[in-house]
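Report on the structure given below.
Indexing begins at 1, ligand by ligand and atom by atom, following the structure's order. Worth saying up front: this structure is predicted, and the values here are computed from it rather than measured.
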Amino acid sequence: MNQERNPNGMNRRQFLQTGAGFAASAMFLGPGGARSFAAPDAGTQENSIPLVTLNNGLQMPRLGLGTMTLNGHVGERCVADAISLGYRLIDTAMIYANEKSVGAGIKQSGIKREELFITSKLWKADMGYEPAKKGFQTSIDKLGTDYLDLYLIHRPSGGDWKGSWKAMEELHHAGKIKAIGMSNADFAQLDELIAGGGVKPAIHQIETHAFFQEGRSLEYLKQHGIQMEAWAPFAEGRHGLFTNATLATIGKKYNKTIAQVSLRWHYQRGIIAIPRSSQKAHIAENLNIFDFSLDNSDMASISTLDLNTTQFPEWS
Ligand SMILES: NC(=O)c1ccc[n+]([C@@H]2O[C@H](COP(=O)([O-])OP(=O)(O)OC[C@H]3O[C@@H](n4cnc5c(N)ncnc54)[C@H](OP(=O)(O)O)[C@@H]3O)[C@@H](O)[C@H]2O)c1
């Protein structure tokens with residue numbers, strides 16, 4: 001596996017640079033809770049993707065496809081493949097420069113829009129009330145949809161992020177965004193939104209994987225009824241995640257891969273994961289996590305892997 005490979009031939013650094021100089025870069029249910037989306041090609045009923053009910057009543061799949069770096073025809077193919085396999089949650093962002101490809105993949109899939117759950121994110125360059133409204137419109141135009149299921153402030157570090165939030169609240173009330181949330185926010189920013197009396201974030205999307213487990217964030221978010229969502233659920237393979245001995249040993253017990261053990265661990269912690277893959281076999285493998293359970297000793301072993309630090313210092 002080439003964890004740094006970009007299907008367009010770019011490595012991570014080049015991808016970050018092509019981001020036009022940008023720094024690019026519930027309710028918690030136990031396993032098996034809630035209604036599920038069907039996974040038509042995935043074989044067994046066990047592989048249906050369970051849903052979680054967010055704090056505004058909206059239901060969201062607990063596993064989805066990440067699309068960062070999946071651009072052009074590759075992005076279109078991966079999104080169409082994922083949907084054909086049973087994925088319904090697709091995560092994109094303005095800064096990934098692939099919203100058109102994601103939209104084309106959705107169209108190719110033939111699945112009705114209302115059966116999908118599409119997330120996009122507002123980038124720093126569009127921070128503020130008016131820019132956020134324009135940024136949202138540009139994203140949905142590129143995606144070829146007239147609403148989003150979830151829209152997040154991608155990196156609220158600096159700029160008028162509260163103006164953006166106000167615009168997103170209005171779009172939410174107008175029915176253009178079913179749920180709004182944050183990504184990469186700090187506790188003070190979340191506290192401010194919670195205390196503000198406006199729309200409470202439904203989701204917080206943050207870096208979370210075996211080496212950066214974010215236990216404190218998980219507790220805080222649970223306490224406030226905000227659903228946690230993991231970006232880089234495999235740490236993009238950094239720190240040797242795909243050859244980690246602890247994860248491999250657990251995988252052998254259940255005849256599962258390290259990727260599947262990792263995703264099952266996120267799931268059992270009540271965290272939505274959006275693994276990215278450019279390979280149909282991996283996209284299918286990542287869905288095949290609903291027919292086994294990690295036991296307490298497995299969960300305890302994985303908790304010892306926490307380094308409690310980001311694996312993406314270039315984004316901090
Ligand atoms: N909000 C934010 O700031 C933020 C930041 C980063 C990412 N995100 C979102 O989170 C998504 C996921 O994070 P990510 O893309 O950074 O990384 P990731 O999902 O942790 O890892 C992706 C890597 O894992 C490999 N992989 C996937 N499935 C595999 C399997 N079954 N076996 C072996 N290797 C496998 C992929 O390679 P192959 O292609 O070869 O399968 C790829 O190299 C992104 O795509 C994006 O949508 C959000």
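The proximity of E285 to ligand 1, defined as any non-hydrogen pair under 4.0 Å, is limited to the side chain. Counting heavy atoms under 4.0 Å from ligand 1, residue N184 touches it through the side chain alone. Using a 4.0 Å cut-off between heavy atoms, L152 makes no contact with ligand 1 at all.
Per-residue contacts place A235 under 4.0 angstrom from the following atoms of ligand 1 (heavy atoms of the residue considered): 20 (O). Remark: ligand 1 atoms within the under-4.0 Å shell around heavy atoms of S278 are 38 (P), 39 (O), 40 (O), 41 (O). Less than 4.0 angstrom separates some heavy atom of W315 from each of these atoms of ligand 1: 5 (C), 6 (C). Short contacts between ligand 1 and D91, defined as distances under 4.0 Å to a heavy atom of the residue, involve ligand atoms 9 (C), 46 (C), 47 (O). For ligand 1 and P275, the ligand atoms under 4.0 Å from any heavy atom of the residue are 19 (O). Each of the following atoms of ligand 1 lies closer than 4.0 Å to a heavy atom of Y96: 4 (C), 7 (C), 8 (N), 9 (C), 46 (C), 47 (O), 48 (C). Distances below 4.0 Å separate heavy atoms of S277 from the following atoms of ligand 1: 27 (C), 28 (N), 38 (P), 39 (O), 41 (O). Less than 4.0 angstrom separates some heavy atom of H154 from each of these atoms of ligand 1: 1 (N), 2 (C), 3 (O).
The shortest N or O to N or O distance between A230 and ligand 1 is not below 3.5 Å.
Residues passing the side-chain contact (heavy atoms from CB on, under 4.5 Å) test with E130: none are found, sequence neighbours excluded. Residues satisfying the side-chain contact (heavy atoms from CB on, under 4.5 Å) test with D81, not counting sequence neighbours, are R77, K280.
Not a single heavy atom of G237 sits under 4.0 Å from any atom of ligand 1.
The backbone N or O of S183 sits nowhere less than 3.5 Å from a side-chain atom of R155 that would complete a donor-acceptor pair.
For the residues E207, M68, R155, the heavy atom positioned nearest atom 44 (C) of ligand 1 is part of M68. The closest heavy-atom contact to atom 2 (C) of ligand 1, among the options F312, W231, F242, F234, comes from W231. Of the listed residues (R276, Q279, K121), the one carrying the non-hydrogen atom nearest atom 22 (C) of ligand 1 is R276.
Side-chain contact check for S120 and E99: at least one donor-acceptor pair (N or O, by modelled atom type) lies under 3.5 Å.
With contacts defined as side-chain heavy-atom distances shorter than 4.5 Å, the pair V52/Q227 qualifies. The closest side-chain heavy-atom distance from I250 to L294 is below 4.5 Å. Contact of the I177 side chain with the Y147 side chain is not registered, since no non-hydrogen atoms from C-beta on lie closer than 4.5 Å. Contact of the N56 side chain with the H172 side chain is registered, since non-hydrogen atoms from C-beta on lie closer than 4.5 Å.
Seen from the ring of F292, R264 counts as a face-on cation partner, given the 6.0 Å and 45° thresholds.
With respect to D295 and K253, a salt bridge is recorded, a charged nitrogen being found less than 4.0 Å from a carboxylate O.
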